[in-house]
Amino acid sequence: MAISIPVLWSGDLPVTLEFYRALGYKVTDEQSRPYAYAVLHRDGYQIHLGPTPPQAGSAEEAHVGCLVLIDDAAHRHAEFSAALREHYGRVPARGAPRITRFRPGQTRFTVVDPAGNSIIYIEHDEPDIEYGGSRELTELARVLDNARILRDFKTNEAEAIRVLEVGLRRFDRSATPLERGRALAMLADMHSAAGDVERAAERRRELAALRLAADDLDALRAEYPGVREPG
């Protein structure tokens with residue numbers, strides 16, 4: 001049987017190891033000379049941390065990372081979030097380290113460690129993804145599906161915002177009120193997560209001005225509990 005073990009960048013090794021210990025990883029080997037190296041174990045798999053290339057900058061900018069297949073992404077995300085909150089007093093959502101957000105129905109999330117390595121935790125039975133949005137959908141509905149994939153699977157909220165804003169302009173007249181509501185709620189949510197308070201507030205005002213039927217409002221609130229009554 002062959003086993004592949006990723007070797008990521010160590011960064012400031014003591015700081016990086018402290019982070020992984022907080023997440024429940026066990027450090028089984030650690031050295032600083034002749035170069036930094038460490039071995040991490042958790043749930044039957046290993047991650048190795050090796051030397052960071054001189055003047056390399058952040059591992060995130062260099063796209064250094066790996067995939068970890070797990071059974072329950074929601075459970076693991078909740079476990080990691082609780083551990084990070086206990087360790088840092090908050091759940092870091094921007095910069096490095098951080099953990100990406102998790103919404104109901106997601107099957108993956110990303111952890112970025114202090115060195116900038118990105119570890120993507122993915123459920124074993126994750127369904128196939130139709131990048132660009134499901135071909136069974138049309139117009140703004142397909143744009144919404146594409147934005148969801150960019151946000152939840154590619155962790156690229158900047159691109160999700162871009163395609164949603166373009167889609168709203170393009171399908172302004174043909175979209176249903178619920179589709180517009182979903183687009184505006186998703187935009188407000190992502191702007192808020194990015195710290196763009198003004199744009200988030202603008203989208204919420206547009207959402208509040210929509211005339212949504214009671215059933216549509218209930219459906220929207222099921223996805224975005226923070227949605228308020230119009231008016």
For this session: Assess whether salt bridge (Lys or Arg N to Asp or Glu O under 4.0 Å) is satisfied between Glu18 and Arg21, documenting all intermediate values.
Result: CA-CA 5 Å; Glu18 180 186 11; Arg21 286 189 176 103; over 6 Å; no
Problem set entry | Greater than 12 external heavy atoms within 6.0 Å of His124's NE2 |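 Counting neighbours around NE2 of His124, more than 12 heavy atoms of other residues, nucleotides or ligands fall under 6.0 Å, so yes.
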Problem set entry | Within 6.0 Å of CZ in Arg42, more than 12 heavy atoms from elsewhere | yes
What about [X] and [Y], same hydrophobic cluster or not, with Ile/Leu/Val/Met/Phe/Trp/Tyr joined at side-chain heavy-atom distances under 4.5 Å?
{"X": "Tyr88", "Y": "Leu23", "answer": "yes"}
{"X": "Tyr37", "Y": "Leu17", "answer": "no"}
{"X": "Val7", "Y": "Val68", "answer": "no"}
{"X": "Ile149", "Y": "Leu67", "answer": "no"}
{"X": "Leu8", "Y": "Ile120", "answer": "no"}

Roughly how far apart are [X] [atom1] and [Y] [atom2], rounded to 0.5 Å?
{"X": "Met190", "Y": "Arg151", "atom1": "CE", "atom2": "CZ", "answer": "6.5 Å"}
{"X": "Ser58", "Y": "His63", "atom1": "OG", "atom2": "NE2", "answer": "10.0 Å"}
{"X": "Asp216", "Y": "Arg182", "atom1": "CG", "atom2": "CZ", "answer": "8.0 Å"}
{"X": "Glu123", "Y": "Phe109", "atom1": "CD", "atom2": "CZ", "answer": "9.5 Å"}
{"X": "His191", "Y": "Ile161", "atom1": "NE2", "atom2": "CD1", "answer": "4.5 Å"}
{"X": "Asp196", "Y": "Leu187", "atom1": "CG", "atom2": "CG", "answer": "11.0 Å"}

For [X] versus [Y], what's the shortest heavy-atom pair and its separation?
{"X": "Glu157", "Y": "Ala193", "value": "OE1-CB, 4.2 Å"}
{"X": "Gly195", "Y": "Arg94", "value": "N-NH1, 3.7 Å"}
{"X": "Ala73", "Y": "Arg108", "value": "CB-N, 4.2 Å"}
{"X": "Ala36", "Y": "Leu13", "value": "CB-CD2, 4.1 Å"}
{"X": "Ala147", "Y": "Leu164", "value": "CB-CG, 3.6 Å"}
{"X": "Asp113", "Y": "Thr16", "value": "OD2-CG2, 4.0 Å"}

Side-chain contact, heavy-atom cut-off 4.5 Å: [X] with [Y]?
{"X": "Leu140", "Y": "Val143", "answer": "yes"}
{"X": "Glu206", "Y": "Leu168", "answer": "no"}
{"X": "Tyr121", "Y": "Val111", "answer": "yes"}
{"X": "Trp9", "Y": "Pro53", "answer": "yes"}
{"X": "Asp12", "Y": "Pro114", "answer": "no"}
{"X": "Arg180", "Y": "Asp172", "answer": "yes"}
{"X": "His77", "Y": "Arg101", "answer": "no"}
{"X": "Pro92", "Y": "Leu84", "answer": "yes"}

For this session: For Thr28 and Gln46, run side-chain contact (heavy atoms from CB on, under 4.5 Å): C-alpha distance rounded to whole Å, both residues' side-chain angles, the deciding distance at 0.1 Å, then the answer.
Result: CA-CA 10 Å; Thr28 56; Gln46 297 181 35; over 6 Å; no
Exercise. Looking at Tyr224, does the NZ or CZ of Arg103 lie under 6.0 angstrom from its six-membered ring centre and within 45 degrees of the ring axis?
Worked result: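 Yes, cation above the ring, under 6.0 Å and within 45°.
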Exercise. Are a donor atom and an acceptor atom from the side chains of Thr107 and Glu126 found within less than 3.5 Å of each other?
Worked result: yes
Taking [X] for its side chain and [Y] for its backbone only, find out whether a donor-acceptor pair lies under 3.5 Å.
{"X": "Glu165", "Y": "Arg169", "answer": "no"}
{"X": "Ser10", "Y": "Gly50", "answer": "yes"}
{"X": "Ser118", "Y": "Gly65", "answer": "no"}

For this session: May I ask you to decide if the ring planes of Tyr25 and Phe80 are parallel, tilted or perpendicular, using 30° and 60° as cut-offs?
Result: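 Rings of Tyr25 and Phe80: tilted, 30 to 60°.
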Problem set entry | side chain to side chain contact (heavy atoms under 4.5 Å, CB included) involving Pro177 - partner list, sequence neighbours excluded |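 Here the qualifying residues are Leu212.
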Problem set entry | Qualifying residues under side chain to side chain contact (heavy atoms under 4.5 Å, CB included), relative to Ala141, sequence neighbours excluded | Leu137, Glu179
Exercise. Run the side-chain contact (heavy atoms from CB on, under 4.5 Å) check on Asn117 and Val112 step by step: do they pass?
Worked result: CA-CA 5 Å; Asn117 300 302; Val112 179; over 6 Å; no
Problem set entry | side-chain contact (heavy atoms from CB on, under 4.5 Å) between Leu207 and Arg203, worked out | CA-CA 6 Å; Leu207 178 57; Arg203 292 308 189 182; over 6 Å; no
For this session: Please test Arg76 against Asp43 for side-chain contact (heavy atoms from CB on, under 4.5 Å), starting from the C-alpha separation and ending with a verdict.
Result: CA-CA 11 Å; Arg76 183 65 59 88; Asp43 301 327; 2.9 Å; yes
Seminar exercise, completed: Residue set satisfying salt bridge (charged side-chain N to carboxylate O under 4.0 Å, His left out) with Asp145, at least two apart, ordered chain then number -> Arg148
